[in-house]
Trainee: 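I'd like to ask some things about the structure below.
Keep in mind it's a predicted model, so treat the numbers as computed, not measured. Excluded from the calculations below are hydrogen atoms, water molecules and symmetry mates; all remaining heavy atoms, backbone and side chain alike, are included. Every number for a ligand or one of its atoms is a count from 1 in the order of the listing.
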Amino acid sequence: MKVLLATQKPFAAKAVEGIEAILKEAGHEVVKLEKYEAQADLVAAVADVEAMIIRSDKVTAEVIAAAPKLKIVVRAGAGFDNVDLEAATAAKVVVMNTPGQNSNAVAELALGLMIFMARTQLTPATGSELQGKRLGVQAYGNVGRLVGQKAKALGMEISALDPFLTDEQIIAGGAEPVHSVEELYAASDYLSIHIPALPATIKSIGYDLITRMPKGATLVNTARKEVIDEDGLMKALEDRPDLKYVTDVMPDNYAALQEKFGLRVFATPKKMGAQTAEANVNAGLAAARQIADFLATGNCKFQVNKKW
Ligand code: 3PG
């Protein structure tokens, strides 16, 4: 069968080779659409494919409608807010992710961004240290837990909020459980966001939460820009000149934020949390294996959309 590897932000060559080897070995043909410029290129490329591997590529209802043979889409990564799950289910297309495969890369970047901000973006100004500061982790899943554990090794105190985990599970993961988002923000010198973008979480972090943070605190977002209420963030940074914001997912109002707040804000030019050779290999090969397995046996273990 024909498998499309559609990556606007391409994987490392080693990951692409591994993906091709797994799928060829399983008797499939791999076609690639990398660094494409327009969504129309993706729509055109899916016409005769049975399976797709994607990253943050947008699998909209239009893409699904243009792919009559499509059986499976695997998002090589964690967040699947870029896939229209309802359209996929309606078309009987299985959607999967590869949970945990790129988590370490994102966790390392979250810590790197904290140090970068603590050291005033590597300018000569006197900075501060992470040791002894309290880190709040909002959602203690695959990435959040790694951030907590690595930060603990740097001497930080860790609090975590996760409605899907028991206190015992959070404690076993090395953090102190916190039971409300308000309490978490109020206690955190650094607050690392790891919630997905869902209708209930979109714009859920705004003025009220951000201004609860202690003096000199830094908000760190390696999750999704959509979870931030950008007007609220702007006002919070205006009213609280001690607060900082660092993110791997560039806000729509970044130019205005930079102009107003200078070194108190920083965004990577392109989302790069998962952009390491190791994460590319882990997530890419897992996606290829999941597709080969699904096409051979129907294994739907990592399915994230509703079944029909
Ligand atoms: C994810 O959800 O896995 C991360 O945001 C990584 O996204 P990317 O594959 O587009 O880098």
Trainee: Looking at Lys244, is its backbone amide N or carbonyl O close enough to the side chain of Thr218 to form a donor-acceptor pair, meaning the two atoms are under 3.5 Å apart?
Mentor: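 Side chain of Thr218 to backbone of Lys244, a donor-acceptor pair under 3.5 Å: no, none is there.
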
Trainee: Ignoring hydrogens, what is the shortest heavy-atom contact between Met250 and Lys225? Give both atom names and the distance.
Mentor: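 The answer is O-CD, 3.3 Å.
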
Trainee: Any ion pair linking Asp239 and Lys235 (charged N to carboxylate O, less than 4.0 Å)?
Mentor: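 Salt bridge between Lys235 and Asp239, a charged N being under 4.0 Å from a carboxylate O: yes.
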
Trainee: For ligand 1, what is the set of protein residues having any non-hydrogen atom at a distance below 4.0 Å?
Mentor: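 If the criterion is a heavy atom under 4.0 Å, then ligand 1 touches Lys9, Arg55, Ser56, Arg75, Gly77, Ala78, Gly79, Asn102, Arg224, Lys271, Ala274.
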
Trainee: So does Lys260 pair up with Glu238, basic N to acidic O under 4.0 Å?
Mentor: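 The answer is yes: the pair qualifies as a salt bridge.
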
Trainee: Looking at Glu176 and Arg134, does any basic side-chain N land under 4.0 Å from a carboxylate oxygen?
Mentor: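 Here Glu176 pairs with Arg134 in a salt bridge, since their nearest N and O are under 4.0 Å apart.
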
Trainee: Which atom pairs, one a donor and one an acceptor, fall under 3.5 Å between side chains of residues 29-38 and the rest of the protein, sequence neighbours left out?
Mentor:
from, atom 1, to, atom 2, distance (Å)
Lys32, NZ, Glu20, OE2, 3.4
Tyr36, OH, Asp57, OD2, 2.5

